[in-house]
Amino acid sequence: MNLIQIEIPQPTHPKESIMKKIGLAMFALGMLVFLSGATGAFENIKLFYCLGSLGLAALGGVLFILPSRNDGLPGIKNNGVMFRAISNRGALAWMTSVFLTGFYILLYWYPEYLKGLITSTDVISFGMTGKAATQWFLYGTIYTLAILVMGMKMIIKYRHSRYQIVRTISVMFFQLVFAYLIPHILEAFQQPEYYFTYFWPLKTSVLFPNDLQWLKSQPGALPQFMVFWGVIMSIIGVPILTYFFGKRWYCSYVCGCGGLAETLGDPYRQNSDKSLKSWKVERWMVHSVLVFITVTTGLLWANSIYGGELLGSASMYFSRWYGFLIGAAFSGVIGVGFYPIMGARVWCRFGCPQAAILGIFQKYFSRFRITTNGSQCISCGNCSTYCEMGIDVRAYAQRGENIVRASCVGCGVCSSVCPRGVLNLENGPVRGRVST
Amino acid sequence: MNHIVIIGNGIAGITAARHIRKLSNHRITVISGETPYFFSRPALMYAFMGHLKFEHTKPYEDWFWAKNRIELVQDYALTIDTVLKHVYLQSGNVVQYDILILATGSLPNKLGWIGQDLGGVQGLYSKQDLDLMTVNTRDISRGVVVGGGLIGIEVAEMLHSRKIPVTMLVRETSYWNSVLPLEESLLINRHIRHQGIDLHLETELTEILPDVHNRVRAVRTNKGDEFTCEFVSLTAGVHPNIEITHKSGIATERGILVNEYLETSTPNVYAIGDCAEIVSEDSTPKSRVEQLWYTGEMQGETVARSICGERTKYERGILFNSAKFFDIEYQTYGSVPARHADEKSLYWEHPDRRRSIRIVYTSEQVIGFNLLGIRYRHEICKQWIAEHRSIEYVLEHLDQANFDPEFFERFEQEMIVLFEKQTGKKIHLRKQRSFFGFKKFLGNVRASV
Ligand SMILES: Cc1cc2nc3c(=O)[nH]c(=O)nc-3n(C[C@H](O)[C@H](O)[C@H](O)COP(=O)(O)OP(=O)(O)OC[C@H]3O[C@@H](n4cnc5c(N)ncnc54)[C@H](O)[C@@H]3O)c2cc1C
Ligand code: SF4
Ligand code: SF4
């Protein structure tokens, strides 16, 4: 019997391609030119310089990433993750972490040192908003570029999984359109800069009395719609969507912080702490932030109703300190700066008040769960290791229990990496959701 | 309160310990030599490939054992005195037991090949084997894998992940065709070759050739070929590890003999997991050794129940298993014979030739499922088989069985079309819930083309 007629074997050992090298060179050159612009050297050819250097760097990034399509057949690409310095808290990881942290410190507290770079992006800013760039414009531009370029990498890496492709395209879209283009276009039309994809309590101003009143007092119909949109979504939209789809509709499909974590941060997801202790710390921290912000919002409203007599200027300090501690120090410096050391979702896990609220809904009022497939688990630990939220998924899977956890952002990576097809993210009847 | 001593901290022994703790207050001691803590043996490959660190293969944090009053002793048990109820350890310590559970696992087979003890030649079973393999495969130009089973393909994948060229020698005419039906087996052959593995079918190892340092230099096959290599992995299956029973009076054959209650020939001594050979009078063959993670787990749970009051028969239930061949996941439920006799089989393969579904049925009912690259629900398949559902019923409800992630392609319609074509019968698809009936519409279009 010789039924075994098979096509010629094709070795698919990945080779460092020439394209990758060219890409890297272009990226380095682009960054170099962009940084040197900080000295004001390209005053006369600003447009060319700015778009040219950033474009070169981005294109270089894309060229570097594209050849990874040839890294063998589609499938899980975690070979060597635990051996490489960058993904295993080696020297390279620490360097990256120090660089990112330093960048955030400059950005938040010493923007004057970034002045050259900020003015470098003036041309784009003028083109979009008609105004000179601020540090936030520079930040938003780099942030969006990072999500787009690294999003491509994510899509190529998980090209065997439609779930991963769909949600990555989704975060790329929402970041580019709703968190970057629309707010700036609004500015260009003299409208308030508004982010339609951020709600209270992540964006406190959506429900803070002063901000609301200010927005309401703006001329035109659009600001009125913004007031309506923000309030309705924060109070009704978020719970309803979470009931149907779980927290993931926001954290893994819409949110910009999630977007950066899932693209730029994807190579670091295995570094999140899975211990029971870290779960305890997480619950205390994230819920404290939520309580703090809810109390603040309540006080501010009470204060505004009583005409500012209740708190005096104390409320000002309150929100200013919140802005410093939570908004800047936590979400930026630690949240992104520590990507290579603590995994990409440090902020989402320990600090984000939106995640806390979504989590409460997900845990108690939602159709979402991760289903465990009977007794097929071999306790290998891939799911737990690659859960960026530090959930010990295996602890449930090996007992045949479904996973219903407040912190799960529904990234679906546990399901993707499981070698036995044990896990599936699903929406279904709330009854019998926890046990199988 | 009894003192329960368990030898072996693998899935079987540890599951027994955990469940005994859940059900009782007995004192529990687990003696095991290989590692201080329980780890997932099937995960060893991922530690080698760098997906995980060895740390990650431990299913419980280290504090878990003390908290649950499960005493762990890292030592080798040498002999047992079943009269005094003593276990003698390598360290010289003696442990007194009231009830003894043997869960000593397996040892890799060595089939007496010439040169099997040379440097660079090894099997893969234990953590020590893994460490040795790490050393043995450093800076080599080629590795040879001997054996066409589950561990063989894992070793091939491990080497491949470190960019080491692999030659795979398989005795059979096609990969794992003692278990997989021909179509699936061919699909996997193709996939192995597609990965760049140099797969040789119908090829047997005849000799492993040494160099001057007594390390492997090459292997020779029955076809007269010689493959230069610095590493050889022998993966010709495993056999029960029964060394501990030597001179103890506990009856053994291939494995440690137990009845359906997992009791050995000696009172108060049980055997579970890979090391046990289960004898049941009313089945053919009369005895069987089950060398699976899942069966070890089920046996551990069963023995715990027996010890904690309720003497319980071990029942394996409807068979299931899973594996992964490089990038292709494999799940199986019920019985899918490699060569079928009376039963019929509906086999569908995706045009990409990397995914397939097989449903095996008789004139009365569906008896088994084989899936490659597609996930099905354990509970549903089990239920259908147990409830003796007909092939028509199963096809009508097939969407319930699918366990692939959202947005993935679905293939229920293809299965139905195939069935209708093969039998001339008509299946009325249950109304699917989907947005605007779009999927159904698509399905109809496809069916009518
Ligand atoms: C590489 C590999 C991959 C596998 N993949 C799968 C899979 O995907 N799915 C599946 O179902 N099965 C798989 N298996 C099989 C599965 O791992 C075994 O069936 C299972 O581990 C057996 O569990 P056990 O508890 O019976 O024994 P073991 O896991 O072997 O544990 C026994 C322990 O007892 C110790 N021991 C033995 N004798 C003594 C003594 N005298 N004193 C002290 N300690 C002793 C041993 O050192 C060992 O640590 C795989 C096996 C291997 C090797
Ligand atoms: S449990 Fe799974 S889906 Fe949820 S956050 Fe962790 S890896 Fe993502
Ligand atoms: S990855 Fe899958 S098999 Fe491994 S521990 Fe998690 S659920 Fe179990």
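What you see is a predicted model; the values in this text were computed from it and never measured. In the text below, chain A, chain B and the rest are named by the order of the sequence lines, each starting its count at 1.
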Please classify the contact between [X] and chain A as side chain, backbone, both or neither, with a heavy-atom cut-off of under 4.5 Å.
{"X": "B:Asp404", "result": "backbone"}
{"X": "B:Phe48", "result": "backbone"}
{"X": "B:Tyr333", "result": "side chain"}
{"X": "B:Lys58", "result": "backbone"}

Closest non-hydrogen atom pair between [X] and [Y], with its separation:
{"X": "A:Gly374", "Y": "B:His378", "value": "CA-ND1, 3.6 Å"}
{"X": "B:Phe403", "Y": "A:Asn373", "value": "CE2-CB, 3.5 Å"}
{"X": "B:Thr332", "Y": "A:Gln376", "value": "O-NE2, 4.3 Å"}
{"X": "B:Phe407", "Y": "A:Arg162", "value": "O-CD, 2.8 Å"}
{"X": "A:Tyr386", "Y": "B:His51", "value": "OH-O, 2.7 Å"}
{"X": "A:Tyr163", "Y": "B:Pro405", "value": "CB-CB, 4.4 Å"}

Once rounded to the nearest 0.5 Å, what's the spacing between atom [atom1] of [X] and atom [atom2] of [Y]?
{"X": "B:Asn321", "Y": "A:Ile378", "atom1": "CG", "atom2": "CD1", "answer": "10.0 Å"}
{"X": "A:Asn424", "Y": "B:Arg377", "atom1": "CG", "atom2": "CZ", "answer": "6.5 Å"}
{"X": "A:Lys274", "Y": "B:His56", "atom1": "NZ", "atom2": "NE2", "answer": "5.5 Å"}
{"X": "B:Glu297", "Y": "A:Ser379", "atom1": "CD", "atom2": "OG", "answer": "6.5 Å"}

### Message
Given heavy-atom pairs under 4.5 angstrom as the criterion, report whether the side chain, backbone, both or neither of A:Val166 touches chain B.
### Response
side chain
Given the options [options], which has more heavy-atom pairs under 4.5 Å with chain A than any of the others?
{"options": "B:Arg354, B:Lys382, B:His191", "result": "B:Arg354"}
{"options": "B:Ser161, B:Ala43, B:Ala47", "result": "B:Ser161"}
{"options": "B:Met49, B:Met45, B:Met298", "result": "B:Met49"}
{"options": "B:Tyr294, B:Tyr330, B:Trp63, B:Tyr60", "result": "B:Tyr294"}

### Task
With side chain to side chain contact (heavy atoms under 4.5 Å, CB included) as the test, would you mind laying out the steps for B:Glu329 and A:Arg420 before giving the verdict?
CA-CA 7 Å; B:Glu329 287 172 20; A:Arg420 294 294 179 272; over 6 Å; no
#### Entry: B:Asp327-A:His160 side chain donor-acceptor pair, cut-off 3.5 Å
no
### Query
Without hydrogens or angle criteria, can the side chains of A:Asn79 and B:Lys163 be said to hold a donor-acceptor pair below 3.5 Å?
no
Among the options [options], pick out the one with the most heavy-atom pairs lying under 4.5 Å from chain B.
{"options": "A:Ser384, A:Ser87, A:Ser415", "answer": "A:Ser415"}
{"options": "A:Ile165, A:Asp392, A:Leu423, A:Val417", "answer": "A:Leu423"}
{"options": "A:Ser375, A:Ser275, A:Ser416", "answer": "A:Ser375"}

### Query
Between A:Arg394 and B:Glu61, is there a salt bridge with N-O shorter than 4.0 Å?
no
### Task
State whether B:Glu406 and A:Arg248 are salt-bridged, where the test is any N-O pair (Lys NZ or Arg NE/NH1/NH2 against Asp/Glu carboxylate O) under 4.0 Å.
yes
### Task
Decide side chain to side chain contact (heavy atoms under 4.5 Å, CB included) for A:Met82 and B:Phe54; before the verdict, give the C-alpha distance in whole Å, the side-chain angles of both, and the deciding distance to 0.1 Å.
CA-CA 10 Å; A:Met82 297 296 166; B:Phe54 182 72; over 6 Å; no
### NZ/A:Lys277: more than 12 non-hydrogen atoms of other groups inside 6.0 Å
no
### Message
Quick check against the 3.5 Å criterion: does B:Tyr46 have a side-chain atom that pairs as donor or acceptor with the backbone of A:Cys380?
### Response
no
